[in-house]
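What follows is a short report on a single structure.
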Amino acid sequence: MVRVDRGGAARAGGLGALIFILAAPGAFAASVRVVEGESMRVVSGSVVRAQEAVGGRAARLPANGVATARFTSDNVGSVVVRARALGCRGRRRLTIVVDGGTPYRVKPRGSWREQRVALTLAAGAHRIRVSFSGSERRRCRVLVDRVRLPAPKGKPVATPAPVAPAAPASPLGRYVPLGAAVQLKYIKQDAGFDDAFKREFVSMTPENEMKMEWLQPERGRWNFTAADALVAHARAYGKDVRGHALIFGTATPPWVKRILLSHDAAAAMRTHIHTVMRRYRDSVREWDVVNEALGSGGTYRSNAWTEKLGSQYVEMAFRYAREADPTAKLVYNEFDADTAGPKRDATAGLVRKLKDKGLVDAVGLQMHRSLADAPTREQLEETMRIYEQMGVEVQVTEMDVLAGGAGSLTDRLIIQAEAYRRAAQACAAVAACTRFTVWGVTDRYSWMGVDQLPLLLDAGGAEKPALAAVREVLGG
Ligand code: G3I
């Protein structure tokens, strides 16, 4: 068990944090003692007696062990983890990640020590994850017995926010962030929507605001206002941002078609990719570099870029992206490529070609589906393993499942939940699957229309069976 302690916070001048008890999963299920209604969920690891630990129990994190918790806070100035390393001689590292953002790394010692990392969290729901890695000896492990979230000194004590429902335990044993596409206008106009996003998701994909037609509507005339605001909002709440999408045929501004010479089109593409990636280098570490290059038969779709540069535009875009930000994760994002067929073959062929040249890190499977055509777990797992064997990560990047129509609403929502569950189970089963993103926060603002009920939260922001199903698999 990892205790989340409030005593230290009181000494530091206040704490606006609540963390919720969750039973440790599966084989690691143990009698987790509630300490002031707060605890961390041990996703991977076991609960052991530790004489030194306050309260007599601590979470033992073997290499790759993870503990997670959700909390709501108005006022946090640092995270303090009390930890100790046992049996370690060489490299050892605790990584603390709040809301899927910047990882903080500390080195646990042989005796109990408090490891502090400074951070500032805005009001709202957050998620914290503590993991241990780097052991060169099998017996090397780390004990963690307390995590405190003190407020900055001198700041007023914040009122704790209402306790959110505890999430079910995950059988996954590893962390797959759950993300959603978001449009700035809905954040601005609907506080309930924004709350739902902040509460339920740890990463965000700008639904439209980073598309080329938005960022550079005329050549050399840039408009970063909406993208800047959305990225700043996400980062203020500790959310990861997936950049979407640098080069996307149908979101290309008309001026590209007016370019006469191919070398000029290449220069325009390079300038666009460099300018955008470098602007967001500190906050966006993952990009859909090319979106939907292929049609249903697996041939290239024609667009302004194929007109000027031919199908090699895809590889050119990835080259420019690698140049612009060599450490960013570069993703090829495609629709209808999650089940067997010519489209999947063509997508895998393209990704392999890019991978052989060191240009791609991940493939995105969009998964816009309906109740009738959502894939089975086996179908999706088979697809994901193609990429795993290639040494490429895979993500679900835009899932929604249309559930509008006749028949019982309850039945439709249950069938929908099972479609989401199968996708989450496939992702859970394949280690190369590193993120699960749905295409919107609530049904109200889905691009498919509210009547299609395609997302994890209903129009009012309440949890649907689909969210419970995804959480049961992925945790959180
Ligand atoms: O914001 C303007 C508004 O000012 C204007 O009055 C109105 C008039 O039509 O248009 C509004 O812009 C719309 C925009 O969404 C914002 O809502 C565009 O017309 C509309 O075409 C645009 O649709 C987006 C679509 O991509 C096209 O880029 C959807 O929201 C977005 O969900 C969808 O997302 C795509 C992914 O990028 C790639 N994969 C497929 C996915 C679904 O099509």
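Bear in mind the structure is a predicted one, so any value in this text is a computation, not a measurement. Read the numbers this way: they start at 1 and go in the same order the structure lists the ligands and their atoms.
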Who's the nearest protein heavy-atom neighbour of [atom], and how far?
atom: atom 30 (O) of ligand 1; result: Asn208 ND2, 3.0 Å
atom: atom 12 (O) of ligand 1; result: Trp214 CZ2, 4.7 Å
atom: atom 38 (C) of ligand 1; result: Glu292 OE2, 3.1 Å

Original post:
Is atom 20 (C) of ligand 1 less than 4.0 angstrom from at least one protein heavy atom?
Top reply: no
**OP:** Answer yes if a protein heavy atom lies under 4.0 Å from atom 24 (C) of ligand 1, otherwise answer no.
**Re:** yes
Subject >> Side-chain ion pair, Arg242 and Glu398, N-O less than 4.0 Å >> reply: no
Original post:
Taking atom 28 (O) of ligand 1 as the point of reference, which of Lys185, Lys211, His368 owns the nearest heavy atom?
Top reply: Lys211
Original post:
Given Glu207, Met210, Glu213, Glu209, which one has a non-hydrogen atom that is nearest to atom 31 (C) of ligand 1?
Top reply: Glu207
Original post:
Hey, which of Glu334, Glu292, Gln395 is the one that makes side-chain hydrogen bond (donor to acceptor under 3.5 Å, both in side chains) with Gln366?
Top reply: Glu292
Subject >> Neighbour count >12 (heavy atoms, 6.0 Å) for atom CZ, Arg385 >> reply: yes
**OP:** Output the list of atoms in ligand 1 that are nearer than 4.0 Å to some heavy atom of His244, sorted by atom number.
**Re:** 36 (C), 37 (O), 38 (C)
**OP:** Give the ring-plane orientation class for Phe436 versus Tyr420, where under 30° counts as parallel, over 60° as perpendicular and anything between as tilted.
**Re:** tilted
Original post:
Would Val394 and Thr434 count as a side-chain contact (heavy atoms from CB on, under 4.5 Å) if you check the C-alpha gap in whole Å, the side-chain angles of each, and the deciding distance to 0.1 Å?
Top reply: CA-CA 6 Å; Val394 60; Thr434 53; over 6 Å; no
**OP:** Could you say whether the N/O atoms of Gln366 and ligand 1 ever approach to under 3.5 Å?
**Re:** yes
Original post:
Does the ring center of Trp287 lie less than 6.0 Å from the ring center of His244?
Top reply: no
